[in-house]
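To keep things clear, I will list the structure first and then write my remarks on it.
Source: prediction; values computed, not measured. Start at 1 and go down the list; that is how both ligands and their atoms are numbered.
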Amino acid sequence: MKKVIILMGVPGSGKGTQAKKIVEKYNYGHISTGDLLRALEKNPNADPKDKEKLEDMKAGKLVADDLIYKLAFAEIEEYLIKDQGVVLDGAIRNLDQAKKYQDFFVTKNIEDDVAVVEMKLSDESSFKRLATRRVCGSCGLILPYTKETENLIVCPKCDGELIIRKDDNPEIIQKRIEEQGNIKIKPILDYYKELGILKVINAERSIDEVDEEFENVMSNY
Ligand code: AMP
């Protein structure tokens, strides 16, 4: 398996769900920059200047690149030191970030050990999924809206409280799709295609089908 697996895709494409599977199955570290930012928001000892930058997140916009590098590179280093693989979930959202991460991988001598998987989903499906999903406030499990999950009142994994994320409301979702939808991520995907490290999974299908295709892709890394 490649040391770094980058998951790309519009919000709601299933990056978080697949990242958690890689973690469980292959003992990889999981870096979700969204989770790192939400943790920063809750941390009373965090640098107030960094916290100010979170206003963009609340409005559905991307936060400043320098904050992303500060949080993500430190985490990646920690896993590299332990010689553990790492899966990056939503950690790269514009072309500048893609290039900066690539430079970072070059300085760490691991540029040949990087794979990118796009979970391909339309903007329409993205909207529908975000508007109907819930997440566990304790363990972070993502619960898509299905017949099996619609009546659940606590997390099936840890009994934690099921919540709707603050930025999963229709107005903010619309904004997130404008900022992070297919048009916006295309230049990043083109960049990785050019590097010859991009694989694409059709994320429109059922969870089981996506899981199966994802497994196939992973077994080739
Ligand atoms: P997520 O949990 O991945 O949906 O991310 C939640 C929010 O965090 C996004 O809507 C962005 O505001 C912000 N965010 C997460 N990752 C990044 C990134 N790599 N660059 C800029 N903003 C990010």
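Shown are Glu178, Lys175, Glu55, Arg176; of these, the side-chain contact (heavy atoms from CB on, under 4.5 Å) with Lys61 is made only by Lys175.
Per-residue contacts place Lys61 under 4.0 angstrom from the following atoms of ligand 1 (heavy atoms of the residue considered): 11 (C), 12 (O). Near Gln97, meaning under 4.0 Å from any of its heavy atoms, are these atoms of ligand 1: 18 (C), 19 (N), 20 (N), 21 (C). Listed by number with element, the atoms of ligand 1 under 4.0 angstrom from any heavy atom of Thr33 are 15 (C), 16 (N), 17 (C), 19 (N). For ligand 1 and Met57, the ligand atoms under 4.0 Å from any heavy atom of the residue are 7 (C), 8 (O), 12 (O).
A ring-centre distance under 6.0 Å is found for Tyr101 and Phe73.
With a heavy-atom cut-off of 4.0 Å, Ile68 touches ligand 1 through its side chain alone. Under 4.0 angstrom from ligand 1, the non-hydrogen atoms of Gln180 all belong to its side chain. Contacts with ligand 1 closer than 4.0 Å are made by no heavy atom of Pro11, backbone or side chain. When non-hydrogen atoms are compared, ligand 1 lies under 4.0 Å from the side chain of Arg165 (C-beta onward) but not from its backbone.
Judged by distance alone, with hydrogens and angles left aside, the side-chain atoms of Ser126 form a donor-acceptor pair with the main-chain N or O of Pro11 at under 3.5 Å. Judged by distance alone, the side chain of Lys99 and the main-chain N or O of Tyr191 form no donor-acceptor pair under 3.5 Å. Although no hydrogens or angles enter the test, the distance criterion places a donor-acceptor pair under 3.5 Å between the side chain of Gln84 and the main chain of Asn27.
Among Asp56, Val63, Asp89, Asp65, the residue whose heavy atom sits closest to atom 22 (N) of ligand 1 is Val63.
In this structure, Arg38 has a heavy atom closer than 4.0 Å to ligand 1. Assignment of Ser32 to the shell around ligand 1 is not supported, since no heavy atom sits closer than 4.0 Å.
Considering backbone and side-chain N/O of Leu62, none are found under 3.5 Å from N/O of ligand 1.
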